[in-house]
Number of protein chains: 2
Amino acid sequence: MTEPGQRRSGRAGAATIYDIAERAGVNPSTVSRALNHPGRVSAATEARIRQAADELDFHANPMARALPTGRTRTLALVLADVTNPVVFGLIRGAERAAAAAGYTLVIAESQESGAVEAATVERVAPAVDGIVLATSRLADDEIGAIAARKPVVTVNRGGSASANVSPDVEPGIAALVTHLADLGHRTLAFLAGPADSWTSTRRWGALYAAARARGLHIVEIGSNAPTVEGGGDAYERCEASGATAVVAYNDLMAMGLIQAARAAGRRVPADLSIVGFDDIFGAALITPALTTVRADLELAGEHAVTHLLALMGEGDAPADCAELATELVVRDSTGPAPTR
Amino acid sequence: MTEPGQRRSGRAGAATIYDIAERAGVNPSTVSRALNHPGRVSAATEARIRQAADELDFHANPMARALPTGRTRTLALVLADVTNPVVFGLIRGAERAAAAAGYTLVIAESQESGAVEAATVERVAPAVDGIVLATSRLADDEIGAIAARKPVVTVNRGGSASANVSPDVEPGIAALVTHLADLGHRTLAFLAGPADSWTSTRRWGALYAAARARGLHIVEIGSNAPTVEGGGDAYERCEASGATAVVAYNDLMAMGLIQAARAAGRRVPADLSIVGFDDIFGAALITPALTTVRADLELAGEHAVTHLLALMGEGDAPADCAELATELVVRDSTGPAPTR
DNA sequence: ACAGATTTGGCAACCGGTTGACAAGCGCCG
DNA sequence: CGGCGCTTGTCAACCGGTTGCCAAATCTGT
C-alpha cells in the first residue's frame, strides 16, 4: 500500500499462495485446492505444492481466508468478570476444546453489566464464528437476538433462548441438604447472588425444594454482589435470620461470610455452618476449609465449546451432558447444629 | 457463494458499505472515507452517509478491513497456565487496556511448555497485531525471532530480546529481608520455581543479594513446579535446610508449603515462617494469612498492552513504569524466629 | 467574469485467499 | 479410430473494505 511495487517476493511478510504457485509452476487456485481439498489435485502436484509451501514457511492469511468463506475459526467467550475464580475452569476448558478443534478463543469481559455485555458482543460478534455466553446478564430476548445472528451457547443460563450448558445442581444440592439435616440443622438460609442471576435463582429453587421436602425451614437473604465483599456484608443479615447453616450463592461469598463471622467472634462451624458453590481455587485453603457443591466448570467450558462447534456444523455430536452432575464436597465449614 | 444471486439487500448478514452507498447515493469509496477520514468528505455528505449507516445498523467487517491494511485490531496474550491465579490480574489489566483502545484480546495457553508456546504463537501470530508473552518458557532467541515479525512485549522476562514489563522486585525484597531479619531469622531458604523461569532466577538473585548484605545465610532449594503441589512436595527439603524462614517462588508454592507444614504438625509461623510472591487471590484467605511480596499484576497487564500499542505506533507514550514497584504485605505467616 | 487553487467524489486496483465454470488431457471402450 | 467420461488445472469473479490518482465541482481573488 504505502510502499508501491516491491510487493512480491523477498518481503518480510508471510508468503502467499501466489509465491507458492510461482515456485511450483502452477496456478494460485491450484495451490488453494491442493492445500484444502485433498484429492482434488493429483498426488504429484500436491506433493510439489506442499514442498514449496514448506520451503516458504507458508501460513494462510486467516483474514484473506475469512473474507470469502465468512468463517474466521475464532470463538468468543464472554464473561461477567475475568477475575472471578469461578471462570478459570471455564476458560481453561473452553480454550482447550477450541484449540483442539483448531479454533482460537477470544475472551471478552462484560464487567457484570448487561449494557457492557451487549456492547461487547456487538463489537466482537462480526469477527467470530460463535459465542459462548457465560454468566450472562442479558435478558432472554437479547440473547435470542444474538443467537439469531450467530451460533450461541450459554453457560449456566437456562431457558429456550439458546443452547445451554449447565451443571445439574440437583444431585449436589440433594446431598447437601441431606448432609445438613443429618447434622441436625433445622433452619437454613440461602445467601442469594445478584437479582438477575439465573444461576442464583436456580440454586435457590432447588435448595428450597430439597429443604421443604425434608421439612426444613429455609429463608432467602436479599440479593448480594457475588464477591467476597458481598458475602461479608451480608453477615449481619445471616445472623438475624436465625439459621444455623448458611448456603451462599457461591464460594466467594461463602469465604467472605466465613471471614466476617470469625471477625465477629463466631466459630465456624461450631456456631454457624457455611456452605458455598463451585469449589473454586482457595476453597480448600481457607480455614475452615469450605464445604461446597462442586461443579466441574472445566468440563462445562469444554462442553460449551463442543456444543457450539456442533451448532456450527463443525462438531461431532454434542457430548453427553450427564457428566456435568454436581457433587457435594464436605470439608470443615459444616458441623453439627449448635444445641440451643 | 453457495447461494447465488440474492446477495444484496434483505440478507440476514450485515450491511456493507455498498448498501450504504446505494442508500446515500454515493460511491462506496466515499462511504469508506466519510466513516474513517473525518474531514475528507463534505459535512453534508458525511451526515447523509452516517444516517444511512445507522439506519442499516452498519458495522464494518473486520476481516475485510484487515485485508488491505494488514491490521486486525487484535492482540494476543500468551500465558503458561490460565488457571494460575497469578495471571488473573494480568488478564484483567490487559483486557481492560485493550478494550479501552478498541482492541480485542485473544488468550492463548501454552501449558507450561516451550514447544506448545512456540506452536501457539505460530498459530495466532498471523491474526493479531501484537503479542504479549507472559510467563514465557521460550529461549531468548526464539522470542527475538517472533519479535522480528510482530511487535512483542514480554512480562516478567528481562533481557534484550524484546520490550519488557516487569515489576521491580527490589523494594519488596528489601523490605522482606528487613522484616525477616528484624524477626530474628538468620538462615533463609528460597524455594525456587521452574529452572527455566526468568522470574525465579531474578527473585533468587535479588533475595540472595539482600540477604548477604545483611549477613544472613541463604540457600536455594532445587527447582520445583510453581504450583500448590510443588510447594508441598518440597516441604521435607525445606526442613532439612535448617532455615527458619522459607521464601517461596510464588504464593501457590507458599500455600502448598503451609499446608504440608501444618499437616506435619509444625506451627506456622511459630516453628517456621513462610513467605510468598504475588499476593494472589487466596493469600489473605489461607490460615495463617500469607505474608507476601505483592506486585500489581493488573497494572502490569495494562502496562504491557499500553507498551505494545506504543510499539505499534498506536500508543501514546509507554507509561511510566515506576508504579510497578513491589511491596511487602505482612500478614500472619511470618513471626519471630524460634529460639533454639 | 475568468484563471487558478482547493474541495469533493468517483474509478479502479488491490489485499489474499476460495470456488464455480470450463477446457484441456487422458484412458477406455466399442 | 472416434466418441465418452473422468481427472486435473486454469480462468475469473468474488468476499468487503481501503486508497492513489484523477476529474468535476466549488471557491478564491481580482
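Distance A:Leu35 CG to C:dG16 P: 16 Å, rounded to the nearest Å. Atom CG of B:Leu67 is separated from atom C1' of C:dA13 by 13 Å (rounded to the nearest Å). Rounded to whole Å, the distance from CE on B:Met63 to P on C:dC14 is 23 Å. In this structure, B:His37 places its NE2 atom 15 Å from P of C:dT8, rounding to the nearest Å. Summarising the geometry, the separation between CG on A:Asp19 and P on C:dG16 is reported as 9 Å, rounded to the nearest angstrom. To the nearest angstrom, P of C:dG16 lies 14 Å from CZ of A:Arg65. Between the CZ atom of B:Arg48 and the C1' atom of C:dT8 there is a distance of 12 Å, rounded to whole Å. For the pair A:Glu22 CD and D:dT10 C1', the computed distance is 17 Å after rounding to whole Å.
No hydrogens or angles were tested; on distance alone, a donor-acceptor pair under 3.5 Å links the side chain of B:Arg33 to the base of C:dG10. B:Thr16 contributes no side-chain N or O that forms a donor-acceptor pair with the base of D:dC15 under 3.5 Å. Donor-acceptor pairing under 3.5 Å, judged by distance alone, is present between the side chain of B:Ser29 and the base of C:dC11.
Taking only side-chain nitrogens and oxygens, B:Asn27 comes nearer than 4.0 Å to OP1 or OP2 of C:dC11. The phosphate of D:dT18 has OP1 or OP2 within less than 4.0 Å of a side-chain N or O from B:Ser32. Phosphate contact (OP1/OP2 of D:dC15, side-chain N/O of B:Asn61, threshold under 4.0 Å): absent.
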Listed pairs, N/O of protein and of nucleotides 6-8 of chain D, under 3.5 Å:
none

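The two residues B:Tyr103 and B:Arg71 come nearest to each other via the heavy atoms OH-NH2, 3.1 Å. Scanning both residues, B:Ala52 and B:Arg23, for their nearest heavy atoms gives CB-CD, 3.9 Å.
Side-chain atoms of A:Pro68 lie closest to C:dG16 of the nucleotides C:dG10, D:dG17, C:dG16. Among the nucleotides D:dG17, D:dT18, C:dG17, the one closest to the side chain of B:Thr69 is D:dT18. Closest contact between the side chain of A:Tyr18 and the listed nucleotides C:dG16, D:dG16, C:dG10 involves C:dG16.
Taking 4.0 Å as the cut-off between side-chain N and carboxylate O, A:Glu122 and A:Arg149 count as a salt-bridged pair.
No side-chain heavy atom of B:Asn156 sits less than 4.5 Å from a side-chain heavy atom of B:Thr135. The shortest distance between side-chain heavy atoms of B:Val26 and B:Arg48 falls below 4.5 Å. B:Val165 places none of its side-chain heavy atoms less than 4.5 Å from the side chain of B:Thr306.
The backbone N or O of B:Val82 lies less than 3.5 Å from a partner atom in the side chain of B:Glu109, making a donor-acceptor pair.
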